[in-house]
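Every heavy atom of this structure was used, including side-chain atoms; hydrogens, water molecules and symmetry mates were not.
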Amino acid sequence: MSDVQIHWFSIINSVVVVFFLSGILSMIIIRTLRKDIANYNKEDDIEDTMEESGWKLVHGDVFRPPQYPMILSSLLGSGIQLFCMILIVIFVAMLGMLSPSSRGALMTTACFLFMFMGVFGGFSAGRLYRTLKGHRWKKGAFCTATLYPGVVFGICFILNCFIWGKHSSGAVPFPTMVALLCMWFGISLPLVYLGYYFGFRKQPYDNPVRTNQIPRQIPEQRWYMNRFVGILMAGILPFGAMFIELFFIFSAIWENQFYYLFGFLFLVFIILVVSCSQISIVMVYFQLCAEDYRWWWRNFLVSGGSAFYVLVYAIFYFVNKLDIVEFIPSLLYFGYTALMVLSFWLLTGTIGFYAAYMFVRKIYAAVKID
């Protein structure tokens, strides 16, 4: 890939997007928040306080545990596992230690790292599960260790059966599949259990306000607070920041080209992390201002909104760039695309969730609440 100029344009474009987002964030959120917090704290000094409104109104419910806390913490644990693995792989590849010309080195390193990062995924999932008042830690650890890897292994195995049926040399040999299973249950599962055990035993996250006994009524929401509209709005900027690199990655996977520009990829990854965090904070602030305190699941889904655009782009790429007409190659394309979209959703959803969680704890710690 000799034409590096387009990557520099892409990076500059992405940096402009991030600065634009940061400007919006600092103008809307920080100025409005300062005014909010000053008003709320001033009101507490006046005997006849005005009727509360906005995000302070839901302070007694904002940390109420969501539905299915075990599944949420398991998905977030897998997201942390993915995040650590991707960060290390891209960084090491950027240093030139994982050349794409050395066939399979990148994939092998990614698989091994994902297994060993299970200890971090388990720890974060265990601590979050305890914070959400969960108590069945063994079941939670098993769910974290098997939910996402199980889906990935199942899809890969089914696709591989079709490739075996065609007697293709591209099929993964059966002993390799067994070796991957042994790694999963012999390395990843025990490490997730170990991390989960220590995470569950550790002090839960300190929430700055107490949760009320009775949940308050949520007012009727405007159309733009709909979850799907939120996904569309939150996904467009992070996707725009990484769109060019996605094109080259697709070319490398499906058109037999080599991808060497890991320095650019690392920069784009950092920009993606920053833009996902900022968008997530903006979305959760608007949601709490609309007095809707059910932000846990919604924020996780909305933060991963760019995965929806990746799916749309993958369909566009299939129709316009590839000349695939047979059933099994099409099945392979969409099967592997589904895995990419799922992994990307987990990754971006986890980044956005933790950014929003830190933000929510920070703003409620700043106001005086009786």
Side-chain angles (χ1 to χ4, degrees), residues 6-25 28 75-76 79 82-83 85-87 89-90 224-255 259 261-287 297-322 333-334 336-356:
I6 190 166
H7 290 272
W8 279 118
F9 283 135
S10 164
I11 296 287
I12 292 163
N13 169 50
S14 304
V15 169
V16 168
V17 166
V18 167
F19 276 124
F20 171 69
L21 258 178
S22 305
I24 291 176
L25 198 69
I28 297 177
L75 290 172
L76 287 163
L82 264 176
F83 177 79
M85 179 266 280
I86 289 170
L87 185 67
V89 165
I90 297 177
Y224 52 79
M225 294 305 293
N226 181 286
R227 191 172 293 175
F228 189 69
V229 174
I231 288 171
L232 291 178
M233 284 163 59
I236 190 95
L237 281 171
F239 177 75
M242 51 152 246
F243 165 70
I244 299 289
E245 294 307 308
L246 190 68
F247 168 75
F248 284 106
I249 289 168
F250 267 72
S251 302
I253 295 172
W254 301 113
E255 296 187 42
Y259 186 88
L261 302 169
F262 289 103
F264 288 112
L265 193 62
F266 186 74
L267 279 174
V268 168
F269 182 68
I270 299 299
I271 290 166
L272 180 71
V273 170
V274 173
S275 56
C276 277
S277 305
Q278 292 175 340
I279 278 286
S280 170
I281 288 169
V282 171
M283 297 303 281
V284 82
Y285 176 72
F286 286 145
Q287 186 183 346
W297 272 108
R298 180 191 159 94
N299 189 261
F300 180 52
L301 293 169
V302 165
S303 301
S306 43
F308 171 75
Y309 289 98
V310 172
L311 176 64
V312 171
Y313 177 72
I315 295 168
F316 169 81
Y317 190 88
F318 179 80
V319 172
N320 282 336
K321 296 279 183 184
L322 301 176
Y333 178 83
F334 284 108
Y336 288 128
T337 297
L339 284 182
M340 284 168 63
V341 169
L342 173 67
S343 305
F344 193 73
W345 170 65
L346 265 185
L347 175 73
T348 48
T350 303
I351 293 164
F353 176 86
Y354 277 104

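Distance check: Tyr333 OH to Ile315 CD1 gives 8.5 Å after rounding to the nearest 0.5 Å. To the nearest 0.5 Å, the span separating CG on Asn226 from CZ on Arg298 amounts to 7.5 Å. Taking CG from Leu347 and CG from Leu82, the interatomic distance works out to 6.5 Å, rounded to the nearest 0.5 Å. Between the CG atom of Leu232 and the OH atom of Tyr309 there is a distance of 4.5 Å, given to the nearest 0.5 Å. The structure places CG of Leu265 at 5.0 Å from CD1 of Ile249, a figure rounded to the nearest 0.5 Å.
Under the side chain to side chain contact (heavy atoms under 4.5 Å, CB included) rule, Tyr317 has a single partner from Leu246, Leu322, Val312, which is Leu322.
Partners of Tyr313 according to the side-chain hydrogen bond (donor to acceptor under 3.5 Å, both in side chains) rule, which considers only residues two or more places apart in sequence or in another chain, do not exist here. Checked against side-chain contact (heavy atoms from CB on, under 4.5 Å), Ser303 has the following partners two or more places apart in sequence or in another chain: Ser280, Asn299. For Ser343, the side-chain hydrogen bond (donor to acceptor under 3.5 Å, both in side chains) partners at least two apart in sequence or on another chain are Tyr148. When the side-chain contact (heavy atoms from CB on, under 4.5 Å) test is applied to Met340, the partners found at least two apart in sequence or on another chain are Phe250, Ile253. Among residues two or more places apart in sequence or in another chain, the side-chain hydrogen bond (donor to acceptor under 3.5 Å, both in side chains) test is passed with Glu245 by His7, Tyr259.
Side-chain contact between Trp345 and Phe300 is present, with heavy atoms from C-beta onward closer than 4.5 Å. With contacts defined as side-chain heavy-atom distances shorter than 4.5 Å, the pair Trp254/Phe318 does not qualify. In this structure, Met242 and Phe344 have side chains that are in contact, with non-hydrogen atoms separated by less than 4.5 Å.
The main-chain N or O of Ser277 is never found under 3.5 Å from a side-chain atom of Tyr354 such that the two would form a donor-acceptor pair.
Of all heavy-atom pairs between Met283 and Ala234, the closest is CG-CB, 4.1 Å. Across all non-hydrogen atoms, the minimal contact from Arg227 to Val302 is O-CG2, 4.0 Å. Nearest heavy atom pair, residue Asn320 against residue Phe316, reads ND2-CE1, 2.5 Å. In terms of heavy-atom proximity, Cys276 sits nearest to Ile351 at CB-CG2, 4.0 Å. Of all the heavy atoms in Thr350 and Leu75, the pair that sits closest is OG1-O, 4.2 Å. Minimum heavy-atom separation, Ala356 to Val284: CB-CG1, 4.0 Å.
Relative ring orientation between Phe308 and Phe228 is described as perpendicular, the plane-to-plane angle rising above 60° on a 0-90° scale split at 30° and 60°.
A centroid separation of 6.0 Å or more is found between the aromatic rings of Phe353 and Trp297. Checked against the 6.0 Å centroid criterion, the rings of Phe243 and Phe239 qualify as a close aromatic pair.
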Please list, one pair per line, the donor and acceptor atoms closer than 3.5 Å that link side chains of residues 266-274 to other protein atoms, with sequence neighbours excluded.
none

